[in-house]
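One structure below.
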Amino acid sequence: MDLSGLLSLPTAVEVTPVGPPWQLLTAAVIGIAIIVVLITWLKVHPFLALMLGAIATGIIAGFEPGKTIVSFTTGFGTTMGGVGILIALGAIYGKLLADSGGADRIVDTLVARATPRSLPWIMGFIGAIIGLPMFFEVGLVLLVPVIILVARRSGLPLMKIAIPTLAGLSAMHGLVPPHPGPLAAIDILGANLGLTLALGVLVAIPAVIVAGPLFSGLAARWVRVPVPDLFVTAEDEGEQQTRRPSFAATLASILLPVVLMLARAIADIVAPGSTAPAKAVIDFLGTPAVALLIAVIVGFFVLGGGAGFGRAEIAKSVGSSLGPIAGILLIVGAGGGFKQVLVDTGIGDVIANLIAESGLSILFLAWLVAAVIRVATGSATVATITAAGILQPLTEGLDPAMSALLVLAIGSGSVFLSHVNDAGFWLIKEYFGLSIPQTLKSWTVLECLISVVGLLGVLVIGVFV
């Protein structure tokens with residue numbers, strides 16, 4: 001997953017390939033192989049492995065060494081400026097949520113009202129609701145404390161809780177506007193936003209069910225890992241916390257950034273391009289980084305105050321939240337740097353142009369182009385915009401429903417096969433303490449299921465429109 005287009009819709013950029021197609025494909029394969037070998041065999045830290053793999057990819061593709069470094073650092077900086085800020089704010093909020101007992105209150109309520117059989121379905125629903133207006137990374141950092149505490153308290157395997165939640169978040173990110181990828185594709189292809197939103201939710205529901213609650217049982221058998229020692233609360237350590245924020249106050253605090261971002265999305269739909277002062281205020285407050293910052297500040301009073309924390313306790317909670325995520329920040333940033341090298345060399349464009357010259361069905365072609373670019377670059381947004389730009393000449397004469405389905409086919413392809421060049425891959429790996437093979441068997445399979453089920457949903461609906 002990526003945060004390009006975080007503050008505004010991204011636009012397609014023409015990239016001139018730096019070498020012949022066979023050289024670019026070879027460079028991508030060798031670069032990915034170097035990363036995997038360094039991490040799994042030589043036990044090199046993922047940050048260093050990603051950096052070395054990115055440099056090798058750029059040089060083999062035909063980039064000058066200096067340009068390769070510039071490309072990597074640009075991608076690193078862009079990712080850290082978007083995802084890095086969100087991770088830091090989310091870690092602060094998550095630690096405060098845990099230390100105050102607010103997470104305990106939410107988790108105890110969920111566990112008390114759900115059976116072990118229904119809990120994965122509830123978590124999938126929560127992930128989808130949170131993911132509807134929010135970027136994947138924002139929803140993830142908000143829900144990681146809840147995922148970990150629900151798994152710890154319920155006694156269910158971590159994957160039974162994490163997989164449904166991640167499925168809900170990811171399906172909404174790839175398929176449903178107002179996320180930047182689907183919105184950009186709607187604009188490029190001239191699709192109807194309201195119709196695309198309605199059909200997107202319809203396609204996302206079976207995708208979440210299959211990749212979430214249904215797959216979670218298999219994932220729990222494939223990936224047996226302990227619950228990470230993150231967000232440990234006083235109750236987890238055997239201490240009884242005398243004061244905790246109420247369930248309503250905690251839930252309102254969690255949903256605050258959701259409401260702010262949803263308000264921005266609705267405003268963009270109702271009054272696109274408006275320069276009214278009220279619209280400017282809503283846009284500012286609904287910016288993910290601002291919404292999370294507001295949530296943190298409100299959390300000081302609602303969560304910290306509800307637990308009886310003074311300034312010293314709040315400062316201690318904030319200070320202790322940042323150290324554990326330093327490694328995650330570096331790894332995610334390096335993943336963004338590797339992705340940028342792949343983009344700047346023109347690998348995605350070369351692959352897309354080769355596929356676009358085939359004679360495949362337009363809906364399947366849309367999915368395939370986006371999927372291949374996603375695998376090559378690691379960016380769902382880049383895959384969506386590139387595929388939409390390639391297929392735009394083919395949309396003349398299409399009715400509104402088919403144009404909407406074309407957007408959804410591209411969105412389904414854009415989440416296919418997340419692997420080592422995707423910053424989201426490393427985020428999941430580090431948050432849940434997984435190895436690379438375990439991440440591939442859980443997160444990567446989940447993304448493939450969402451992609452394939454999404455494609456099938458689009459094709460089925462296409463038969464009736």
Side-chain angles (χ1 to χ4, degrees), residues 6-7 80-110 126 129-130 133-135 137-150 152-153 228-237 239-264 281-326 328-329 431:
L6 184 62
L7 302 180
M80 291 299 291
V83 180
I85 292 173
L86 298 180
I87 292 173
L89 290 172
I92 294 172
Y93 180 85
K95 191 69 167 64
L96 186 62
L97 186 67
D99 290 348
S100 67
D104 285 323
R105 182 74 74 180
I106 294 291
V107 171
D108 290 345
T109 302
L110 285 175
I126 291 173
I129 294 299
I130 296 295
M134 300 180 73
F135 292 97
E137 288 83 356
V138 183
L140 179 63
V141 297
L142 283 176
L143 288 176
V144 160
V146 176
I147 291 171
I148 290 174
L149 289 178
V150 168
R152 188 179 294 146
R153 300 288 171 76
D229 293 327
L230 296 173
F231 309 107
V232 176
T233 66
E235 185 173 322
D236 290 326
E237 295 178 340
E239 302 175 17
Q240 188 62 40
Q241 198 161 352
T242 56
R243 291 183 60 182
R244 296 193 301 187
S246 67
F247 176 80
T250 303
L251 186 61
S253 175
I254 292 174
L255 292 178
L256 175 60
V258 180
V259 172
L260 291 175
M261 280 184 271
L262 182 58
R264 177 184 177 178
V281 171
I282 293 173
D283 284 346
F284 174 73
L285 296 179
T287 301
V290 175
L292 265 180
L293 178 61
I294 292 172
V296 168
I297 294 172
V298 170
F300 291 161
F301 298 95
V302 173
L303 300 176
F309 284 0
R311 285 176 291 181
E313 289 85 356
I314 291 176
K316 179 182 178 181
S317 180
V318 172
S320 62
S321 68
L322 297 177
I325 66 167
I328 295 176
L329 289 173
Y431 261 133

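Residues forming a side-chain hydrogen bond (donor to acceptor under 3.5 Å, both in side chains) with Ser253 (at least two apart in sequence, or on another chain): Tyr93. Taking the side-chain contact (heavy atoms from CB on, under 4.5 Å) definition, one finds that Ser320 meets it with Lys95, sequence neighbours left out. Residues meeting the side-chain contact (heavy atoms from CB on, under 4.5 Å) test with Ile126, sequence neighbours left out: Leu110, Ile122, Met123, Ile130, Leu143. Not a single side-chain hydrogen bond (donor to acceptor under 3.5 Å, both in side chains) links Ser321 to another residue, sequence neighbours left out.
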Going by atom type alone, with no hydrogens or angles, which donor-acceptor pairs under 3.5 Å involve a side-chain atom of residues 289-312 and a protein atom two or more places apart or on another chain?
none

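Note: Leu140 CG to Tyr431 OH = 6.0 Å, rounded to the nearest 0.5 Å. Put simply, CD1 on Ile85 and CG on Leu329 are 10.5 Å apart, with the number rounded to the nearest 0.5 Å. From Leu89, atom CG reaches atom CG of Leu322 across 9.5 Å, with rounding to the nearest 0.5 Å.
Not a single donor-acceptor pair under 3.5 Å links the side chain of Ser317 to the backbone N or O of Glu313.
In this structure, Leu97 and Ser100 approach most closely via the heavy-atom pair O-OG, 3.3 Å.
A heavy-atom distance below 4.5 Å is not found between the side chains of Leu96 and Ile92. When side chains are defined from C-beta on, Leu285 does not count as touching Arg264, because their heavy atoms never get closer than 4.5 Å.
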